[in-house]
Amino acid sequence: MPIPIRRLVVALTLCCALVAGTAACGGGEKTTTTKAPASAAAADQATPSPTTSAERQKFAKTRFVANAGLAAGATYQWIVKPWKAGTFKKGAKGRKLALVKAGLAGAFAYNRLKAAHKNAQGDPTLSKALAPLTAGIEALKNLPSKLRKGDEKAAGSFDDVINQVKDAGESAGAPVKDKVPSASELSKG
């Protein structure tokens, strides 16, 4: 069905008016005509402005809670529950799929715990509370491969570290609640 020419003209006119209107709107800045050496102008643009640690780590507690909550939710949903149900034992129904999911969840949880630890460094109270857990979080690095191989003790290690992180957050005034990530979030890491 052909479009009437009048509609095309109106649409084209409106589009041009919008483009011209946004191009004509300036930022309200006034420019000066003083000439500075080209090297000085380039140096001003190339030099990054310093940022304070507060600017770099805005909402540190909130980010910590979100990342730790995702790690706790993934760990509980795909590692602890199947572990307690006995799904990781040899001969159990659905063992292979549960181990693959646990491996993905373990890698995801490790990633989110590292992010939560980085977020905690932006808040002095959280930083002090999580300082003793650094080695425990780093020890989780190899646990996803252990889970895939069927090591049942790895599930307990994940559960212990997650509970310690939750306790540290609680003591620093940032309570962590489990937040189960979607399957797409889990696969993205």
Side-chain angles (χ1 to χ4, degrees), residues 48 51-189:
T51 56
T52 64
S53 61
E55 289 173 340
R56 274 185 275 134
Q57 205 47 285
K58 251 185 180 174
F59 304 112
K61 279 188 179 182
T62 305
R63 289 179 179 184
F64 165 79
V65 169
N67 284 321
L70 284 169
T75 299
Y76 182 75
Q77 183 69 29
W78 289 293
I79 297 174
V80 175
K81 275 174 58 174
W83 172 54
K84 287 182 178 179
T87 310
F88 294 151
K89 293 182 181 179
K90 290 189 180 195
K93 185 177 179 181
R95 178 176 186 258
K96 286 183 183 180
L97 183 61
L99 287 174
V100 169
K101 286 180 182 179
L104 280 172
F108 178 83
Y110 173 73
N111 183 336
R112 293 298 86 206
L113 283 175
K114 291 294 285 182
H117 188 266
K118 184 178 178 182
N119 296 137
Q121 291 172 349
D123 183 71
T125 311
L126 273 173
S127 180
K128 288 177 187 174
L130 281 182
L133 301 178
T134 304
I137 292 171
E138 202 56 43
L140 295 179
K141 187 175 189 173
N142 298 325
L143 288 181
S145 64
K146 289 181 181 179
L147 283 171
R148 283 188 214 113
K149 292 176 184 174
D151 184 4
E152 293 182 25
K153 294 178 184 175
S157 299
F158 261 108
D159 194 29
D160 292 342
V161 170
I162 292 292
N163 288 332
Q164 290 172 356
V165 169
K166 283 179 161 181
D167 292 341
E170 184 78 35
S171 69
V176 176
K177 299 199 186 319
D178 290 3
K179 183 178 174 186
V180 179
S182 67
S184 64
E185 287 177 315
L186 189 66
S187 64
K188 288 179 186 175

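The residues of the chain are indexed from 1 along the displayed sequence.
- Within the 4.5 Å cutoff, side-chain heavy atoms of Lys101 are placed close to those of Leu97.
- Note that CD1 of Ile79 and CG of Leu99 are 10.5 Å apart. Values are rounded to the nearest 0.5 Å.
- The shortest non-hydrogen separation linking Ile137 to Val165 is CD1-CG2, 4.3 Å.
- No side-chain donor-acceptor contact under 3.5 Å links Arg112 to the backbone of Ala68.
- The shortest non-hydrogen separation linking Ala115 to Asn67 is CB-ND2, 3.6 Å.
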Notebook entry, point to check: Where do Phe64 and Val176 land on the side chain to side chain contact (heavy atoms under 4.5 Å, CB included) test, with the steps shown first?
Noted result: CA-CA 8 Å; Phe64 165 79; Val176 176; 3.8 Å; yes
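- Shown here for Ala109 and Thr75, the closest heavy-atom pair between the two residues is CB-OG1, 3.4 Å.
- Using modelled atom types, no side-chain atom of Asp159 and backbone atom of Ala155 make a donor-acceptor pair closer than 3.5 Å.
- How far CG of Asn142 is from OH of Tyr110: 8.5 Å, rounded to the nearest 0.5 Å.
- Expressed to the nearest 0.5 Å, how far CZ of Phe108 lies from CH2 of Trp78 amounts to 8.0 Å.
- Shown here for Val161 and Gly136, the closest heavy-atom pair between the two residues is CG2-O, 3.8 Å.
- For Ala60 against Gly122, the heavy-atom pair with the smallest separation is CB-C, 3.9 Å.
- In this structure, Gly173 and Lys61 approach most closely via the heavy-atom pair O-NZ, 4.2 Å.
- Here Lys166 pairs with Asp178 under the side-chain hydrogen bond (donor to acceptor under 3.5 Å, both in side chains) rule; sequence neighbours left out.
- To the nearest 0.5 angstrom, Leu133 atom CG is 11.5 Å from Asp160 atom CG.
- The shortest side-chain heavy-atom distance between Tyr76 and Val180 does not fall under the 4.5 Å cut-off.
- In this structure, the separation between NZ on Lys177 and CD on Glu170 is 7.5 Å, given to the nearest 0.5 Å.
- For residues 65-80, no pair satisfies salt bridge (Lys or Arg N to Asp or Glu O under 4.0 Å), with sequence neighbours left out.
- For the pair Phe158 and Val80, the minimum side-chain heavy-atom distance is 4.5 Å or more.
- Note that the CG atom of Leu126 and the OG atom of Ser171 stand 8.0 Å from one another [nearest 0.5 Å].
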